[in-house]
**Q** 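The structure follows.
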Amino acid sequence: MIINMIILGIDPGIAIVGYGVLKYTGNKFSVLDYGAITTSSKSPIPQRLKLLFDGLSHIINTYQPEVMAVEE
């Protein structure tokens, strides 16, 4: 049985949220996407949180990961 899985990794923050999306097939990993969502320190916190929410929502909707890991 071959396992297919999309994995989302998140490095959280208010200024920068790093992310990586991996595909695991069988015993091999491949990178689908990676990057960072950034916010301006001059923006109010609610606006920054909305930007982060929208960015992560887009990534989740695009790749529809089965598993997620968040760095502490």
Side-chain angles (χ1 to χ4, degrees):
M1 179 174 156
I2 295 177
I3 296 173
N4 279 317
M5 186 181 331
I6 304 294
I7 303 162
L8 172 60
I10 297 177
D11 183 3
I14 294 290
I16 302 171
V17 171
Y19 69 90
V21 183
L22 302 173
K23 182 175 184 178
Y24 179 74
T25 303
N27 64 350
K28 295 181 182 178
F29 288 94
S30 57
V31 177
L32 298 179
D33 194 10
Y34 63 91
I37 304 166
T38 60
T39 65
S40 170
S41 61
K42 296 177 183 175
S43 298
I45 294 293
Q47 185 178 354
R48 294 170 84 177
L49 292 173
K50 172 79 166 93
L51 182 64
L52 296 174
F53 175 83
D54 290 345
L56 288 172
S57 292
H58 175 74
I59 293 164
I60 291 168
N61 288 330
T62 299
Y63 295 103
Q64 302 198 355
E66 289 90 9
V67 180
M68 184 176 79
V70 180
E71 185 177 359
E72 289 186 39

**Q** Would a 4.5 Å heavy-atom cut-off, applied to side chains only, mark Val70 and Pro12 as touching?
**A** yes
**Q** Between Val21 and Leu56, is there shared hydrophobic-cluster membership here, with clusters defined by ILVMFWY side-chain heavy atoms closer than 4.5 Å?
**A**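 Yes; Leu56 is reachable from Val21 via cluster members.
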**Q** If you round to the nearest 0.5 Å, how far is CD1 of Ile60 from CD1 of Ile6?
**A**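 Taking CD1 in Ile6 and CD1 in Ile60, the distance rounds to 13.5 Å.
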**Q** Residues sharing Leu51's hydrophobic cluster, by side-chain heavy-atom contacts under 4.5 Å among ILVMFWY, directly or via others?
**A** none
**Q** Just checking Ile16: does its CD1 atom have more than 12 heavy atoms from other residues, nucleotides or ligands closer to it than 6.0 angstrom?
**A**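 Incorrect, the count does not exceed 12.
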**Q** Is there a side-chain contact between Tyr24 and Val67, using heavy atoms and a 4.5 Å cut-off?
**A**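 Result no, sub-4.5 Å side-chain heavy-atom pair not found.
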**Q** Output, in order, the C-alpha distance, side-chain angles, deciding distance and verdict of side-chain contact (heavy atoms from CB on, under 4.5 Å) for Leu49 and Ile14.
**A** CA-CA 7 Å; Leu49 292 173; Ile14 294 290; 3.7 Å; yes
**Q** Using modelled atom types only, decide if a donor and an acceptor are shared between the side chain of Ser41 and the backbone of Ala15 within a distance under 3.5 Å.
**A**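 Not confirmed, Ser41 side chain does not pair with Ala15 backbone.
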**Q** When hydrophobic residues are tied together by side-chain contacts of less than 4.5 Å, even through go-betweens, does Tyr34 share a cluster with Met68?
**A** no
**Q** Check whether any side-chain heavy atom of Val17 sits under 4.5 Å from a side-chain heavy atom of Asp11, and report yes or no.
**A**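 A side-chain contact is absent here, since even the closest heavy-atom pair is not under 4.5 Å.
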**Q** Do Leu32 and Tyr63 come close enough that some side-chain heavy atom pair is under 4.5 Å?
**A** yes
**Q** Going by heavy atoms in the side chains, are Ile59 and Ile37 under 4.5 Å from each other?
**A**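 With C-beta onward as the side chain, the pair touches.
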**Q** Please report the interatomic distance NZ(Lys23) to CD(Glu66), rounded to the nearest 0.5 Å.
**A**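 If we round to the nearest 0.5 Å, Lys23:NZ and Glu66:CD are 10.0 Å apart.
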**Q** Grouping I, L, V, M, F, W and Y whenever their side-chain heavy atoms are under 4.5 Å apart, do Leu52 and Tyr19 come out in a common cluster?
**A** yes
